[in-house]
There are 2 protein chains.
Amino acid sequence: MATPFRFEELAGRPCPIAASLEVVGERWSLLVVREVSLGNHRFSEIARGTGAPRDRLAARLRALVEAGVLERRPLSESPGRAGYFLTESGRDLLPALQALLQWGNRWLADEPPVVLEHHDHRVDAEWVCRTCGEPVAASPVERVLTPAGRRLSGR
Amino acid sequence: MATPFRFEELAGRPCPIAASLEVVGERWSLLVVREVSLGNHRFSEIARGTGAPRDRLAARLRALVEAGVLERRPLSESPGRAGYFLTESGRDLLPALQALLQWGNRWLADEPPVVLEHHDHRVDAEWVCRTCGEPVAASPVERVLTPAGRRLSGR
DNA sequence: CTCGCTGGTTTGATTTCCGAACCGAATGAG
DNA sequence: CTCATTCGGTTCGGAAATCAAACCAGCGAG
């Protein structure tokens, strides 16, 4: 990670979810990541795809680059102009976006406007543990406070 | 779903991710869901766990109940008082929260403050297609605009 | 009847967000 | 080369969301 997040400055419990949301939870941030992942790298493309006001978009892009989620570098096709690209950290946000996509399709849409497909069928994904191969929802999952977490919880 | 989301009112492209964020993307909303999922059902518990200001918390709880993510009903232990509980829609948000947790642990924390465990090992999950069993990241995923989506894209 | 706790609401100041206008640098048309 | 246009923002003034702190009503305990 670029500079480790200051968990001790979180308002509530010291939790990586809260930390993530401090970084990518502001309005438009995740939509910017979505848009870049769709291959739209230029300011104007991202503005159109998200619908964000230009000043907000500029602020978000700056913050996301600062946070190491995006990288700003010259476009190969038109040098002199720069574009925004996902870093590895940014690519690693895609599962979260997909979870939101699946939730929106399931709970907000009569008929989903977009779906993901692979191998000629619609993707209906679930979260599976890499280590034991079991779907996470299937077994009771325990939330364990690490020593670092205990230190942060003030004790 | 309760009342289908108005995709046509979205600023950018008609996308279930954007729709989801309209519903649960405001500040504190996802942390409220996290807190309730941890078994904290009372206003004061949720306030403490999230750190949200009380008026914002009240507004979010109202909106989440309205959106069908939470349900407000009397607490069995102290009748007369009410508490907040996850609906099925709310429980279905947990994968998204877990994705954010994993991202935060990986990219923001030197040492993660909390981790998920099951079967005596740490959960390291990936997104796997229920239909074909393949990890979604492994194969190229195509984003398909449905007829409904085409209608919304204005044509 | 009073006291303290719970679950909010109200208030007034601060911050964020917004749409629209503006601007300099790069690009493209003639 | 010149001029107009596009691109990638920044600036502006107003509207909306957020915040901390104070306030308040209902309830149960004493």
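Chain identifiers are assigned alphabetically (A, B, ...) following the order of the sequence lines, protein sequences preceding nucleic acid strands; residue numbering begins at 1 within each chain.
Using a 4.0 Å cut-off on heavy atoms, the residues of residues 35-50 of chain A that approach DNA chain D are Arg42(A), Phe43(A), Ser44(A), listed by number. Using a 4.0 Å cut-off on heavy atoms, the residues of residues 54-61 of chain B that approach DNA chain D are Asp55(B), Arg56(B), Arg60(B), listed by number.
No side-chain heavy atom of Ser89(A) sits under 4.5 Å from any side-chain heavy atom of Leu70(A).
Of the possible polar contacts, none joining the Ser78(A) side chain to the Arg81(A) backbone as a donor-acceptor pair under 3.5 Å is found.
In this view, Ala137(B) satisfies the side-chain contact (heavy atoms from CB on, under 4.5 Å) rule with no residue, not counting sequence neighbours. Considering only residues two or more places apart in sequence or on other chains, Phe7(B) meets the ring-ring contact (aromatic ring centres under 6.0 Å, His included) condition with Phe5(B).
Atom CZ of Arg122(A) has 12 or fewer neighbouring heavy atoms from other residues, nucleotides or ligands inside a 6.0 Å radius. Under a cut-off of 6.0 angstrom, the local environment of CZ in Arg130(B) is crowded, with over 12 non-hydrogen atoms contributed by other residues, nucleotides or ligands. Sparse packing is recorded around CZ of Arg6(A), with 12 or fewer heavy atoms of other residues, nucleotides or ligands lying under 6.0 Å away.
Both the sub-6.0 Å distance and the 45° axial angle are not jointly satisfied by Arg42(A) relative to the ring of Tyr84(A).
For the atom pair Thr50(A) OG1 and Leu31(A) CG, the distance stands at 6.5 Å (nearest 0.5 Å). The distance from atom OG of Ser20(A) to atom CH2 of Trp107(B), rounded to the nearest 0.5 Å, is 12.0 Å.
Distance Trp28(B) CH2 to dT16(C) P: 13 Å, rounded to the nearest Å. Atom CG in Leu75(B) sits roughly 19 Å away from atom P in dC5(C) (whole-Å rounding).
Gln98(A) and Ala125(A) get closest at one heavy-atom pair: NE2-CB, 3.9 Å.
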Just the table, please: protein N/O against nucleotides 24-27 of chain C N/O, every pair under 3.5 Å.
| unit_1 | atom_1 | unit_2 | atom_2 | d |
| --- | --- | --- | --- | --- |
| dT27(C) | OP1 | Pro79(A) | O | 3.0 |

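Note on Leu97(A) and Val128(B): separate hydrophobic clusters, where clusters join Ile, Leu, Val, Met, Phe, Trp and Tyr whose side-chain heavy atoms are under 4.5 Å apart, directly or indirectly.
With hydrogens and angles left out, the side-chain atoms of His119(A) and Glu134(B) include a donor and acceptor closer than 3.5 Å.
The nucleotide range of DNA chain D contacted by chain A, defined by atoms under 4.0 angstrom from heavy atoms of the protein and reported 5' to 3', is dT6(D) to dC12(D).
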